[in-house]
Amino acid sequence: MAYTDYISYIGEESTPATLTNGITNTSRILKYYVSDWILGGAPLSLYSMDQVPVEKSQHPVDSTLLVESINVSNVQEGDRLTGNIFVTVNYTNNSNAFGAGTAVNVARSNEPWNDPPYNWSVTPYEMPRALTKTYDTNDAQFGPTKDFVNSAKDPLSAETFDILPLLSFSYNLRQFDIDWVRRFTNTINKNQVTVTDCKIPAKHGLIKRLAPSQEIVYDSDGDIDYYYDRVDVEILVFNAEIKLEVIDQGFNLYSGDKKYRIYTDDKGNFGKFEDITNGSPIDTPARLDGAGGIATGDEVNYLTFQDKFAANWSTLSLPKIRRAK
């Protein structure tokens, strides 16, 4: 198991913001508990936890503040490590802290990156998929359990579709990193998120579109006051965790770390060459048991794969609410 499987998130606290000569600084302290036996490797692992942002990402409440630095510290009692670890995330709006190419601005009430999302809509989207399960009498909605098979328990092949909500909106950022289009389009959400009042469970959302465009605001003299980026977004929300599901079947079986061709005889027996008398190789796939062996009886097994990358969408600073309070 990974180090992160032994790290528990406790919660966070924020320090009061300070304002000096127009520069705002504040910190968030994320608190974790780590199993004793991995304390030596935990600090580095903490940077990959879902709650820990990346450098230059925006503060979750005040988008004018960016992450300047992240520090990890062990809480000790004398020389003993307690297992409690604090991750201090420092934010500032001081552009000198980030170097060239990062726009940081002191907030003004009319700054467009503080505006709520706009062009908001939800439209029905028809999503085709292979039919593998159907509803039985007592099944819950979005949870069919009955295998889609014929009377001989052989898998049937058919396509169906779901009607899913396609969430569309636009929002503004001071600066959108062009690389985010490549990194986040066609990804699913690693953890549960709320986007424009829509709660999306982990791995239920898919970003279909991220389209930034530069906007310019001019002052009363016609000079450029500032730039910002408008981002058009489309997110498809699924009824269940997004995964690829296929029937476990094939021409070979796997036993003792070796692969063997499946043979059959005129009595309907299946197995390795040496186990089947007067057998011949199968010419249609045999159902497998999910572990490389031959399925028994009416057993139908499915293999699941995650073909979409699960990304931490917090970098995008997607708006949590649909309307300004």
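Computation of the quantities below employed the complete heavy-atom set of this structure, encompassing side-chain atoms and omitting hydrogens, waters and symmetry-equivalent molecules.
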Taking [Y]'s backbone N and O only, do any of them form a donor-acceptor pair with [X]'s side chain (distance below 3.5 Å, no angle check)?
X      : Y      : answer
Thr26  : Thr15  : yes
Asn239 : Phe142 : no
Asn189 : Gly205 : yes
Asp136 : Lys146 : no

Exercise for the section: Please name the residue in the list Val231, Leu318, Asp232 that meets the side-chain contact (heavy atoms from CB on, under 4.5 Å) test with Phe169. Expected result: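 Per the side-chain contact (heavy atoms from CB on, under 4.5 Å) rule, the option paired with Phe169 is Leu318, out of Val231, Leu318, Asp232.
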
Practice task
Before giving the answer on side-chain contact (heavy atoms from CB on, under 4.5 Å), spell out for Arg287 and Val300 the whole-Å C-alpha distance, their side-chain angles and the decisive distance to 0.1 Å.
Solution key: CA-CA 7 Å; Arg287 294 199 302 274; Val300 179; 4.0 Å; yes

Problem - Residue of the set Glu12, Gln51, Glu13 for which side chain to side chain donor-acceptor pair (under 3.5 Å) holds with Lys31 - result: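 For Lys31, the side chain to side chain donor-acceptor pair (under 3.5 Å) check succeeds only for Glu13.
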
How many angstroms lie between atom [atom1] of [X] and atom [atom2] of [Y], to the nearest 0.5 angstrom?
X      : Y      : atom1 : atom2 : answer
Cys198 : Lys320 : SG    : NZ    : 14.0 Å
Arg183 : Thr185 : CZ    : OG1   : 11.5 Å
Asn84  : Ile10  : CG    : CD1   : 5.0 Å
Thr196 : Tyr171 : OG1   : OH    : 11.5 Å
Leu288 : Phe251 : CG    : CZ    : 11.0 Å
Ile276 : Asn269 : CD1   : CG    : 5.0 Å

Handout entry: Qualifying side chain to side chain donor-acceptor pair (under 3.5 Å) pairs with a residue from residues 241-257, counting only residues at least two apart or across chains
Key =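 Sorted result for residues 241-257: Thr132-Glu245.
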
Consider only side-chain N and O atoms of [X] and [Y], and report whether a donor and an acceptor are under 3.5 Å apart.
X      : Y      : result
Thr145 : Asp139 : yes
Trp180 : Thr315 : no
Asn90  : Ser69  : yes

Under the ring-ring contact (aromatic ring centres under 6.0 Å, His included) rule, what pairs show up with a residue in [range], not counting sequence neighbours?
range            : answer
residues 61-87   : none
residues 51-84   : His59-Tyr91
residues 262-293 : Tyr263-Phe273

Is the closest side-chain heavy-atom distance between [X] and [Y] below 4.5 Å?
X      : Y      : result
Trp313 : Ile235 : yes
Asn172 : Tyr118 : yes
Val87  : Ile70  : yes
Asn278 : Asp265 : no
Arg209 : Ser168 : no
Leu316 : Leu210 : yes
Ile163 : Glu126 : yes
Leu66  : Arg174 : yes

Exercise for the section: List the steps and the verdict of side-chain contact (heavy atoms from CB on, under 4.5 Å) for Lys208 and Asn186. Expected result: CA-CA 6 Å; Lys208 287 182 58 65; Asn186 202 36; over 6 Å; no

Identify whether [X] and [Y] are in the same connected component of the hydrophobic contact network (ILVMFWY, side-chain heavy atoms under 4.5 Å).
X      : Y      : value
Ile247 : Ile294 : no
Val67  : Phe184 : no
Val122 : Ile207 : yes
Leu65  : Leu30  : yes
Ile321 : Trp120 : no

Practice task
Take atom CG of Asp179 as the centre, draw a 6.0 Å sphere, and report whether it contains more than 12 heavy atoms from other residues, nucleotides or ligands.
Solution key: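 Yes.
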
Problem - Heavy atoms of other groups near Lys199 NZ, more than 12 under 6.0 Å - result: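 For Lys199, atom NZ is not crowded (no more than 12 foreign heavy atoms under 6.0 Å).
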
Which pair of heavy atoms, one from [X] and one from [Y], lies closest together, and at what distance?
X      : Y      : answer
Arg322 : Pro117 : O-CG, 3.7 Å
Tyr135 : Gln141 : OH-C, 3.9 Å
Leu253 : Gly271 : CD2-C, 4.2 Å
Lys133 : Pro144 : CB-O, 3.8 Å

Exercise for the section: Among Ile, Leu, Val, Met, Phe, Trp and Tyr joined by side-chain contacts under 4.5 Å, find the other residues sharing a cluster with Leu206 and list them by chain and number. Expected result: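 Via sub-4.5 Å side-chain contacts, Leu206 links to Tyr125, Met127, Leu164, Leu166, Ile188, Leu236, Phe238, Ile242.
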
Problem - All salt bridge (charged side-chain N to carboxylate O under 4.0 Å, His left out) counterparts of Lys308, not counting sequence neighbours - result: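 Lys308: no salt bridge (charged side-chain N to carboxylate O under 4.0 Å, His left out) contacts found.
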
